[in-house]
Amino acid sequence: MTAITLHGPHQGPPQQPGQFQINHGQPGGSHNMNAQYAHHHPHHPVHLTRPSAGLISVASSPARNPGAFMRQTTLAISHLQAQYAEASGIQQDGYTGMRSMPPSAAYAAPTRPAQPITNGISEAVPPVQIHRRPSSAPSDQQESVNPASQINCGQDEDQEQSGPSGAVGKLAKPPLLRSKSERGLRHEQDESLDDEQYAYGARHGFEEAYQSEDIISQLANNWYMYFTDKRHETTGKPKSPTFEIQDWRMRDRLKTVSAAIAVCLNIGVEPPDQLRTNPGAKLEAWQDPTIPPVSKALENIGKALQSQYETLAIRTRCKQYLDPSIEETKKFCISLRRNAKDERVLFHYNGHGVPKPTASGEIWVFNKNYTQYIPVSLYDLQQWLQAPTIFVWDCSEAGNILKNYHKFVERHEKEEEEQAAKDPSYEKVNFRPYIHLAACASKENLPTNPMLPADLFTCCLTTPIEMALWFFVLQNPLKTKLTPERARKLGGRLQERRTPLGELNWIFTAITDTIAWTTLPRDLFRKFFRQDLMVAALFRNFLLAQRIMPVYGCHPQSYPELPDTRRHPLWEAWDHAVDMALAQLPMLERKERENIPYDYVPSTFFTEQLTAFEIYLTRGDAAAQKPPEQLPVVLQVLLSQQHRLRALILLGRFLDLGPWAVQLALSIGIFPYVLKLLQSAAQELKPVMVFIWTRILAVDISCQQDLIKDNGYTYFSSIMRPNETIPVVGLSVIDEHKAMCAFILSMLCKGFKTGQVVCNSTEIMTSCLYHTEHPDNPLLRQWSCLCISQLWKDFNEAKWRGIRENALQKLAALARDSCPEVRAAMIHAMTTFLGIPEVTDEVARLEEGIAWALLEMATDGSPIVRKELLVFWSVFVLRYENKFLVAAYEQLLEEKEYMLYPPPEDGLEHKMGLHYARPENREKDGTIKPSAYGVAHDSLYAAIWKHLCIMSVDPHPEVQRDATTIVDYIHHALLHSPVGTQAQTLMDEILRRASKVSRGDNSQRSSAAGTRAAPAQPMPSAGLLKRTASYLFGPLLGVTSDGSSTSSVSSTPTSAPGMNRSSSQRSRKGLNAANVLPEKPDQVAPPAAYHVAPEPLSPGYQERKPKEMPTLPLVSTFLEWSTEYFREPQMKPPEAEEPGSHEYNQRLWRRSRNEAVLRETQPQKLYARTHRWNNQIGLINNGTQPSKMTFHQFENCVAVADDGNTITVWDWKTNARLSRFSNGNPEGTKISDLCFINEDDQALLMTGSSDGVIRIYNNYDSDERVELASAWRALTHMVPSNVNSGMVFEWLQVNGRVLVAGDERVIRIWSAGQEICTHEIPARSGSCVTSLTSDQMTGNIFVAGFGDGAIRVFDSRLRPHEAMVRKWKDDARQWVRSVHMQRGGQRELLSASRNGKISLWDIRMDQPLKTFQSTKEILRTASTHEHLPVFAVGTSAHMVKVFDFDGNELTRLEPYSNFLQGSKASPIATTAFHPHRMILGCASRGDNYISLYSCSNERVPNLV
C-alpha cells in the first residue's frame, strides 16, 4: 500500500514514504475548490494498531502497510544534518537531498510508521508552494456551489459568473490535484433552473457529520494506495543480485620492509658521458655538496635521503650505501632479500656520479679503489634481489632500464622452468611482481637548471611538499620577493594537520589520491595506493613528478605504466591551496621574528570539496551511478575532527545510493576508518555510524570478524538497550537506529558461530524481546525477530536462554501483528528455534506449543506469511514425521468414509469437528463416538495435516506449490512405510470411486462438488478441511492442470449452471409462491467454460518440476528479502515523486484527466433524470457469457467476468479487447464480484469468487504483463445451504478495507494494509448475505442484504456483537438482489428484491422513504448510479428498465441478443453503470454480447 499524502500550503500535514507531492500553480493553494468536492472522496488517515493476540474482532482503524516502511532513515539522518548545520553555522540542505527541512521537522520527535511523517517545504522553494490537496478537500470556507462552479472548479471565488443561466466565465487553469471521483455531497443551487432543480442533500445524517473538522482534515490530507508494496511485487523472493561482491580487502597485501639507498655520486669527479653546466644543479637531498666540509657532503646527503624515506613509511628499514663497489652491491642486495623473505624490498639508485645506463640496461657502480666504473647487469641484479621489488631510478636515460628489465625477467623464468623440469623438487625463484619508477625516458638527460635540485626526481618522490612549494615559486608569473628557499621553509610539521606544512601535506594526499582514483582502473588503484604505505606514498609523489619534470624536458616512466595526469583539473585546486598558504608566509615569518600575534587561516579546500560532494549527491551524476571525484577527499576528511561529522553524513548519503556506492567506498579504503570510529566515544557520531554500518553489512557480510575485534559489536548492542539515549542536541536515539542495530547484530550472527556466542553473552536477546512489543515501529519489531532468529539458528545455548526469558510466548503474541513482515519474521524466528537435538518431553511440549500458536496463521491474508508458515511446518513435519504419517493415513480412511457415506443434509455435519465418520459411528447429536476415534483424533498433527491439504489448493501459486511439496513428501513417505500397501489400496479405491463419479454415475456422491454429473454438494464441515489433497490426488478432486481444485468450494445447483444467485426460490424456510412467479431454469445458457485463458501468476513464480522428488525442509528466503530493504535508497524519493520523471509526469497527466472527467460529469444530475437512456453507443462481443461487469472511473476500461472463471478487459470506447485471463477459481464456482481499486492512480483489479477467494491483479489491461499481486481465502467457514450466494464483497478505498460475506454466519472485515481479518461481525441471521454496500466517506457504516429479504445496518466502530444498529424486515421474505449506497449525489440507499420491489432508505428511520414496484417479472439484477439519481433493473423477461429515485420509469431497453444463440425470453445476466459518465452496460443470459447505452437527447414526458 503506497501512501499518497495530499495537503494544502499552510497545514504542513504529514507525508509518508511512498507518498508523492505535487506543485500547483496557485501560490495560495487550492482554497477555492468547491465545497462539493470537500465530501467528494472518502479519505482519512490510517493508523497502525496491533490487536491483542487473542482477539479477532478489533474495533480499530486499519493500518497502513508498515511493510512499505517509511523512509525511516531520512528522519534519522536529517537529525544529524540539522545538528551539523547548527554547529557549523551553515544552513545545510535537508538530508533527503531534495528539500531543506525546517527546524521543526529536523528536531521532531519520531512519529509512528503508520502515520505520515512531516516533511516540510523550505521557504526557498520559489515562488510556487509545493502542495497537493484532493479535489474533494474542503475549501477554506465551506459553502454551497452551483453547477457552474462545479465546472469552473479552478476559478477564483471572486470571479463573477456570466449569464443568468450560470454560464461560465473565463476558466482559470485547473490545479493538478488528486481527483476524488464520485465521493462527495452535491449542493445544487442553480437559480436559472428555478423549481425544476432536483433538491440534493446527504441522507442518513451524513451531511452534518461530514462537516466535522476531524473528518474534513482526514479527507484532505491522506490517501493511500494498496497492494502496491514490495511484498506484492516479489512475494518475499529476493531479487537476483545486480552486483558482485568485490574483494576489497587486499588479501595478498605486501609490505615494503627494507630499503637500500645506493648513492653513486663520487663528488668531485665528473662521469665521462655527462656534461655539467656551470652554474648547474647541485643540490642532492636538499644538501649542497660544495659547502665545506666537502668530505662530509656525501655522508650528509645519505643521511638526509635516508631520513626522507623513513618519513614516507616509518616501519620500512632503510640503509644507505654510499658510492658502493660491485662487491658491496651484490652483498647488500642478497642480504636485503634474505632479511625481507617474501616481502617487498626497495632499491633506490642515484646515478649522478656514474655513467648513464647502457643501451642494454646495465647500471654502473665502482671498483674498490674507485678507479673504474663497473657495470651491473640487470640479470645479476634480478638474481640478487628477486621479487617482489620496487626500484627508483634517478639517473639520465633511466628508460633504458625499463626497456630491458622485462627481457631478463623472462629469461630468468625460462631458466627456472627448465630447472624445475629437470628436478621436480626444485623450488622456483620468483622474479615477479616488480615496480619501477624512473626519472626519465631513454635518450633524456636530467635537468641541470641551477634553480633546481640535482635530484629533482628524488625530491618529488621523497619531499613532495617542499618540491611543490619550490616549483610554485619558480613558475609564479608574478614578480614577488618570495624565493624558493623561503617557500620551502614554510612552518609546521608534516604530521600535524593544523600547521601550514601539515595541512598542505594533507591536501596533497587527498588530491593525488583523487587524481589516481579518477584516472586509474580500480584494481591498479587498490594495488598501488592502498596495499602498501611506501608504495602508495611513492606513487602519489610520482604524480607530482609527472607534473613538474616535463616542464624541464624529462618525462618520468613507470611500470606498470601510469597515465599522464599533469593536466588533471585538481592540480589547479592544489595551486590555489599552495598560493593561499604562501600568502600568509610573510605574517608567519613576522610572528616568528617579532612575536606579532597571528593565527594561520586554514585552507577551505576540504569544505569546498565536501560541498562539491553534496552537489554531486543532489544532481543526476549520482542517479547515473557515475563515481564521484570527491570520494577520496571524504576519506581524508574523516581524519579531521572538525569536518568528520559532515563527511560521515555525506558518506551515509552516498552509501544510500545502493550497493554500487558501497562497493566504491569499500574499494577506496573506507572500511578501516569506520571500523576505527567504533572505538570513538563521540555521541554525535553514533546515529550516522549505525547507518553506515547498516549499509556496509547489507552488501558485504564478510565484516563479521572485524566487528568481533576490539568488541566493536558493543557499539551497536549498547544502542539496542531499551532506555538508551544519545544526547545529541537534546535528541534521543530514535527507533530507526535501534532497528538498524538489530539488523547489524543479526548479520553478525548470520552463519557465524563466534558472533552468536558473543551476542548470546550480552543482553541482546533481552533487548530484542523488549522491542518486539514496540507499538509504533514495525521495522524495529521485524528486525528484532530476525535478530533472535539468527541468534537461535543452530545454536542451542541461545535457544535455552530464550526459553528462560519466555521468548516463545512473547513472539507468539505477534501472530496478530498489524504488519505482515513482522508476522513473517516471527514465524522465521520460531522456525529457527526448532531443532534442539534431544527431543525430550519438555522440548516436544514447547515445539507443539509453538505449532498450536501458529495454527491460526494458516488463514492469514498475506502470501509471505503463509509461505513462511509452510517453511515452519516443513521443519516441524520432518521432525515429527511418524506422527504425520499416522494423520495422513487416517485422512485417507476419512476420505473413503466420506465417499461411501456422504453427509446427510441435516445440518449436523459440523458437529463432527475436525474429522469425519460414517453414520453408525456418530452419536445422535452428530458428534463422533469415542470408540471411532483414530490415533491422531483431534491432535495437533491432524489439524496441521488438514491445513496443509487445504493450502495445497491455496489461491496463491507459490503457497500452493510449497504446501504441495510437503503433502507429496508425506504421501511418498507413507507409501514407503510399513502401511504403504494399505495406503496404496486406499488411494486406488478412492481414485476408482472418484473416476466413477466423473463418468456420470450419480449413485455415488463425492466431495468433487464441481463435477457436473453430481448434484450440488454442501460444504463438508464448517471451517475444516475442504476435502482436498495434493497432486497425488488430482484426479480424485478434479485438480486442474494449473493446480487449482474443485473440491474446496460449494457450487450452485446444476439445474442452473452459471446462474447468478438464481436459486433463491429454494430458501431453507421456503417462499410464498403466491408472491412471485417460480423462476425457470436458464435452458439457453451453455455450460460454463473453465481455464480457457492463461491464469496470471505471481511475479517471478517458478513452477515445481513434476518429476522432482519432494524434499524437506523448505528453504526460506525471507531474511535475504528483508535485507534488501537496507540496500535500497531510503533518502531519495521514489521515481514517481521526482518532479520531471516519467512516472511523475504520468501521475500529473492522470490527475489532470481525472479532474476533467469530474468537471464534465458533475453537472449531469438533472439531465440524467429527465432524459431517456436509449442511445446505444457500443456493442461488445465478449466471446463468453457475461456474468459480472464493472467500469473504471477514469480509464475507458470495463472488466467483464463470465459464468466460469474468465475475465476479459475491454476498451468500451473502441471495443478493443485489452486482455483476457483466467481467475483460477475451480469448476463449479463462479466469479461473484469484481471491482477496480486505487482508481485515482494506477488501478488494480480485485475479484471475488464463490469459493471464498479474493484475488488482486496488477497490469490487468495487458495479456503479457498481468500479474497476481495477492490472493487469499477471505471466507473460510462457508456454511452448507441449499441456496447459495457464494461470496459478496465491498471495497473501501478510504481505509483499505474489504467487507466480505456470503454463505457464512459472520461478516468479515479484512484490512488491506494489515492483510488480516480485523473484524468478525455476526450477521445475526440464519440466511446468507446476498449484497453489501457501505458509506465510502468514512467506511464505518455498512449495510447488508440477506437471502430472507432482511436488510441490516452495521457500525464497525462498535463491538462486534453490538455492531448491528438497525434491521429492516421484508414480510415477503424475498431474496435481496442488491443493496447500494451512492458514493456521491444524495447518497441514497437503495435496495432491490427479487420480486421487483425497490425501496429507498434512511438508516435513521425504521421504514423506507419510498417503495415502488419496478417489475412484475423476476428481478435478476439491479444497479444504482454512483452519483446520478437513476438506477436500473434487469428482469427475467429480457428487459432492462431505468428509473429515477421517485420511481418514474425513464427507459425500457432490450439488450442485443444474437438470434442464433439468444432468446427474447432470456433473462438479464448483468447490468452496470459507469461511476461518472451517463453510460449503462447490460447483457442477457445465453448470449455473449454486452450492450452499452448512454443518455440521449430525448426528454421523458411529464418530467420536463
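For residues 441-459, the set of pairs meeting the salt bridge (charged side-chain N to carboxylate O under 4.0 Å, His left out) definition, not counting sequence neighbours, is empty. Residue pairs meeting the ring-ring contact (aromatic ring centres under 6.0 Å, His included) criterion with at least one member in residues 446-474, sequence neighbours excluded: Trp286-Trp470.
For Pro375, the side-chain contact (heavy atoms from CB on, under 4.5 Å) partners at least two apart in sequence or on another chain are Glu362, Trp364. Residues passing the ring-ring contact (aromatic ring centres under 6.0 Å, His included) test with His576: none are found, sequence neighbours excluded. Here Arg317 pairs with nothing under the salt bridge (charged side-chain N to carboxylate O under 4.0 Å, His left out) rule; sequence neighbours left out. In terms of the side-chain contact (heavy atoms from CB on, under 4.5 Å) criterion, residue partners of Pro447 (sequence neighbours excluded) are, by chain and number, Leu452, Leu456, Tyr552, Cys554. For Asp575, the salt bridge (charged side-chain N to carboxylate O under 4.0 Å, His left out) partners at least two apart in sequence or on another chain are Arg547. The side chain to side chain donor-acceptor pair (under 3.5 Å) search around Arg498 returns none, not counting sequence neighbours. Residues that satisfy the side-chain contact (heavy atoms from CB on, under 4.5 Å) test with Glu270, not counting sequence neighbours, are Arg276. A search for ring-ring contact (aromatic ring centres under 6.0 Å, His included) contacts involving Tyr370 returns Phe366, not counting sequence neighbours. Checked against side-chain contact (heavy atoms from CB on, under 4.5 Å), Lys489 has no partners two or more places apart in sequence or in another chain.
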Result block: side-chain N/O donor-acceptor pairs under 3.5 angstrom for residues 392-400, not counting sequence neighbours:
residue, atom, partner, partner atom, Å
Trp393, NE1, His436, ND1, 3.0
Asp394, OD1, His352, NE2, 3.1
Asp394, OD2, Thr458, N, 3.4
Asp394, OD2, Thr458, OG1, 2.4
Ser396, OG, Leu446, N, 3.1
Glu397, OE1, Asn400, ND2, 3.3
Asn400, OD1, Ser442, OG, 2.8

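Aromatic rings from His406 and Tyr559 are positioned such that their centres are separated by under 6.0 Å.
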